[in-house]
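Hydrogens, waters and symmetry mates play no part in the numbers below; they use all other heavy atoms, side chains included. Below, chains carry the letters A, B, ... as their sequence lines are ordered, and counting in each starts from 1.
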Amino acid sequence: MNRFHDFDGKWQKYWAENKTFKAYNQSDKPKYYVLDMFPYPSGAGLHVGHPLGYIASDIYARYMRHKGYNVLHPMGYDSFGLPAEQYAIQTGQHPAVTTEQNIRRYREQMDKIGFSFDWDREIRTSDPKYYKWTQWIFLQLFKHWYNKKTDKAEPIAELIKTFEREGNVNVEAAADEDTPVFTAEEWKNFDDKQKDEILQKYRLTYLAEKEVNWCPGLGTVLANDEVVATDQGLVSERGGYPVYKKKMKQWMMRITAYAERLLRDLDMLDWSEALKEMQRNWIGRSEGALVKFPLENGKDYLEVFTTRPDTLFGVTFMVLAPEHPLVDILTTPEHKAEVEQYKEQAARKSERERLAETKEKTGVFTGGYVLHPLTGEKIPVWISDYVLPDYGTGAIMAVPAGDQRDWEFATTFNIPIINIFEGHDVSKGANENKDAVLTNSEFLNGLRAKEAIRRMIDELEKRGLGRRKVQYKLRDAVFSRQRYWGEPFPIYYKNGIPHAIPEKHLPIELPEVEQYKPTPDGRPPLGNAKVWAWDEKNERIVSNDLIDRETVFPMELNTMPGWAGSSWYFNRYMDPWNDQAPFGQDAVNYWRKVDLYVGGSEHATGHLMYSRFWQKFLYDTGLVPEPEYSVKLINQGMILGTSAFARRIEGTNKFVSADLAKEHKTQKIHVDVNMVNERNELDTERFRNWRDDLRDAEFILNDQGKFLVDREVEKMSKSKYNVVNPDDIVEQYGADTLRIYEMFLGPIQIAKPWNTAGLKGVYNFLKKFWKLYHDQDGNFRLSDAEPTEKELQILHKTIKKVEDDIRNFDYNTAVSAMMIAVNELAALGTDKRAILEPLIVLISPFAPHMAEELWQRAGHEPSVEYAPYPTYDERYLKADTKEYPVAFNGKKRFTLELPADATKEQIEQAVMQHEKTVKYLEGKTPKKVIVVPGRIVNIVV
RNA sequence: GCUCGGGUGGCGGAAUUGGUAGACGCGUUGGACUUAAAAUCCAAUGGGCAGUAAUGCCCGUGCGGGUUCAAGUCCCGCCCCGAGUACCA
């Protein structure tokens, strides 16, 4: 007898050979684009957590095909990345080779789950045909600047014309802070190098000397979100290597130019509030003012950013970040030694342990003073590491009466505090309440913050002492990696100034190197390439030896970060074969944007930020028609592993059962979850043979003679030995069971630990479903008899519920609804075609293999994929209730909607039992009351 | 600390958004089939009290108040858990 999942392979083959899931760039059908975040193909293969999102999106894609849409549902690989390179360094194996192997394994695993991807559109970010266009987009960023007047990116070539015509006085750009102001005349007199340097300050991607997170263990720079803070200081997220702060020349992306639009356009996204909030916090917009404090020398001034200019009369000192350029000017000879020492200490602190848990304020007085812009009073200037060099101007005006941090600092160092709030006691702390009424503040006395801020800024602007300013936390993103396995920059250096390699020479392919490590003198791995220099005259890449600084120039040795390729891939799927452009205009105008995007929320401040930024840039340059590429996003929760730990008595090789561990000083050792059963008992024999150092381990067993482990829910990871991979489940129970089980675990948005407890229930459900269509001998049976009212009710109720649930991504309850239907129909012994055929289509998105087989057995041509989705008939949904007019106190008041078989006594009893409700009803005269015997369920007034 | 989620049986989780709380599944218990086990099928399963029984009553959605004919759902005040962020001026 056939088992329902014996046909998985047959249909997977059929789908592949017939290209069942091909998407068309021209179609009469409406379009729908369902996208998954593409995976990095790691050596560990897929684990059960990966497919969760893929299954969810696949169900939706298949559902939409049933609804008559031309569905684009592609898949590819984010195939540049660190692990392949680490492996290459260790083994000498080219990363392309390991990547290829890993991809093959991923593909095999995905195929076994029966996804409806259009594999003809597969893309890989490490494929030169793909990264050609990543490089091309980089060059467009290099060739554009951000015009604040038009609020969009514009070509640098136009900017140069403006400079030649009128200098930069009228240019409002998102550019470096230190950009000089010049006239057309001055511009023309700059030499090429000076011109290039100025243009650098405008480009959307530019070189900058930056303090970066340098990770020697990985030989590269990491973005802030790739670094985690631990007790031991900063370490890399991947591998846990120490990370240090270091100044390096880096390519930067001017994402800050788009800060306001990235923030504003969140409103048009149908994302979870949590995710949007994360991006809002990351962008961190705050409104305030820049205020100038003149130095005593009368020529320089110290500028600060504040959100509370209304508290200006409460300023009693200033604090600079130790790195601030004015520190050296302000420091007096007497304080020099102390200041130098503090600066050094701060630098070292940031190197080791920025997160020092001590909230105590430290700092030193510089000996210098600035003048209060309004009162002219002398204000002492301090330095402290609680002021960050990168935010605002790297300096603050301290108002101890109004800011708790300033208050703590003032209290620590005995700096006077001026009270500026009515009824506030400054000995207790700062008053940060914006409703407090100001005092001691001249023209602001009697006002609250909101009004006072406005008046103060107006006053400052009038007197040229300050101006309104919107400040963002968002920083420009570091775009360089000192790595081999990434996109090379299409850039060469002439006189130390970066120049673009002409677009027609793209792609600039990765050169062969003998070593994937940095060069002995510390340059990135591309420095090992023999052929890696640009012959400008002949426009080709030539040997390093030929660099003559006249016609042949060194190439950029950095490569692009992981997020480069993933920042635009969703557009490439629309037209992945195009070799004339990143994607054709016909294609992009047809598909426009992703209709449903599924992926993890861990990308909230990384990929989902950068890709929105690139999309907006492409939108500005007219390449894409939509400013947001993914309006609807579902975050699938991670599937967590249930790690197991054995307790080892410290300093010995003795292990103690978890229930006895309290009696000993122990440490927890990760144990492979495959060596532990459901009762948490460890197979000590297997454990002993697991690793060499455990050969002679001893075990202290509990009363039952068992050795128990501790369990803990953690992220699934190879190093925690808690990885469960989907292959075994597919092998044993079939792809459909895995698909439905993963959906049945709970809402897809929620993180949940993997356990196989419920697997049996899902398997039984599918088995029952299969049996509905077969007699006891396993022969297919469908009768053409007329269905009964009861059967129709079951069918239509289920259609409505399942469809509603799919639309809301409540797949777990959709599955429940199908389980109920199958149980009810099985109990009735239904074999009617009119009932069971629509049911095949209903289950098809969830269990496509079984659906195809049943569909064929029912006498249809494959594929069930394109069978129309059944529609439900309202008439059958309410059929088990009936309306009764009810007389109350002798007068007709309302109708009751009741189960068809309710007795009159039951109705009256139901109403009378709820005296209060009845009293309420007397006054209101409701239209309808829905009742079940004993209870009122709903009142329609 | 701040921001955003969330606390429902032994467990995963439902509840049409204010209307029978605990759907569906797991687990557990009992039964059928079997020489036996597995598999399968049937039944019971929030807690308490009363009754031989059918059944009836009371209590129950983290805690304390409130609104309402009616609260898991709304409001106020707490407690706990998870995620993000962290001296952002």
**OP:** Would you write the dot-bracket representation of RNA chain B, where each base gets (, ), [, ], | or . depending on whether it forms a Watson-Crick or G-U pair under 3.5 Å and with which partner?
**Re:** (((((((..(((......[....)))((((((.......))))))(((((....)))))..(((((..]....))))))))))))....
**OP:** Answer yes or no: does a side-chain N or O of A:S286 lie under 4.0 Å from OP1 or OP2 of B:rA89?
**Re:** yes
Original post:
Can A:E803 and A:K801 be counted as an ion pair, charged N to O under 4.0 angstrom?
Top reply: no
Subject >> Carboxylate-amine/guanidinium proximity below 4.0 Å for A:R308 and A:D403 >> reply: no
**OP:** Provide, to the nearest angstrom, the distance between the CG atom belonging to A:L474 and the P atom belonging to B:rU85.
**Re:** 14 Å
Original post:
What's the OH-P distance between A:Y391 and B:rA89, to the nearest Å?
Top reply: 4 Å
Original post:
Is B:rG9 in the syn or the anti form, by the rule that syn lies within 90° of 0?
Top reply: syn
Subject >> Pairing residues for A:Y773 by the ring-ring contact (aromatic ring centres under 6.0 Å, His included) criterion, not counting sequence neighbours >> reply: A:F769
Using a cut-off of under 3.5 Å, enumerate the N/O to N/O pairs linking the protein to nucleotides 27-29 of chain B.
residue, atom, partner, partner atom, Å
B:rG27, OP1, A:K760, NZ, 3.4

Original post:
To the nearest Å, how far apart are A:N281 CG and B:rC87 P?
Top reply: 14 Å
Original post:
Taking atom C1' in both B:rG84 and B:rU17, what distance in whole Å separates the two?
Top reply: 28 Å
Subject >> Contact under 4.0 Å: A:N823 side-chain N or O vs B:rG25 OP1/OP2 >> reply: yes
**OP:** Compare the minimum distances between each of B:rA23, B:rU3, B:rA89 and the side chain of A:L388, then state the nucleotide with the smallest one.
**Re:** B:rA89
Original post:
Of the candidate nucleotides B:rC87, B:rU3, B:rA14, which contains the atom at the shortest distance from the side chain of A:K361?
Top reply: B:rC87
Subject >> Nearest-angstrom distance from the residue atom CD of A:Q279 to P of B:rU3 >> reply: 20 Å
**OP:** Considering only atom P, compute the distance from B:rC78 to B:rC2 and round it to an integer number of Å.
**Re:** 12 Å
Original post:
Heavy atoms, side chains only, cut-off 4.5 Å: are A:T316 and A:I417 in contact?
Top reply: no
Subject >> Close side-chain approach of A:M397 and A:I379, heavy atoms under 4.5 Å >> reply: no
**OP:** Verify whether one side chain among A:R612 and A:Q279 offers a donor that lies under 3.5 Å from an acceptor in the other.
**Re:** yes
Original post:
Starting at CD of A:E408 and ending at C1' of B:rG1, how long is that distance when rounded to a whole Å?
Top reply: 11 Å
Original post:
Quick one: A:K768 NZ to B:rG25 C1', roughly how many Å, whole number?
Top reply: 10 Å
Original post:
Is A:V304 touching bases, backbone alone, or none of the nucleic acid, heavy atoms closer than 4.0 Å?
Top reply: nothing
Original post:
Of the nucleotides B:rG25, B:rC26, B:rC4, which one has an atom closest to the side chain of A:E277?
Top reply: B:rC4
**OP:** Let me know the distance between CG of A:D805 and P of B:rU16, rounded to the nearest Å.
**Re:** 11 Å
Original post:
Is A:K292 salt-bridged to A:E303, cutoff N-O under 4.0 Å?
Top reply: no
**OP:** For A:Q404 and B:rC2, give me the distance from atom CD to atom C1', rounded to whole Å.
**Re:** 14 Å
Original post:
Which part of the nucleic acid, if any, lies within reach of A:E273 when heavy atoms closer than 4.0 Å are counted: base, sugar-phosphate only, or nothing?
Top reply: nothing
**OP:** Identify whether the glycosidic angle of B:rU28 places it syn (within 90° of 0) or anti.
**Re:** anti
Check: protein-nucleotides 10-13 of chain B nitrogen or oxygen pairs below 3.5 Å:
residue, atom, partner, partner atom, Å
B:rG12, O2', A:L745, O, 2.7

Sequence neighbours left out, cut at 3.5 Å: what donor-acceptor pairs do the side chains of residues 743-752 of chain A make with other protein atoms?
residue, atom, partner, partner atom, Å
A:K752, NZ, A:P747, O, 2.8
A:K752, NZ, A:I750, O, 2.7

**OP:** Return the set of residues passing ring-ring contact (aromatic ring centres under 6.0 Å, His included) with A:Y386 (not counting sequence neighbours), or none when no residue passes.
**Re:** A:F409
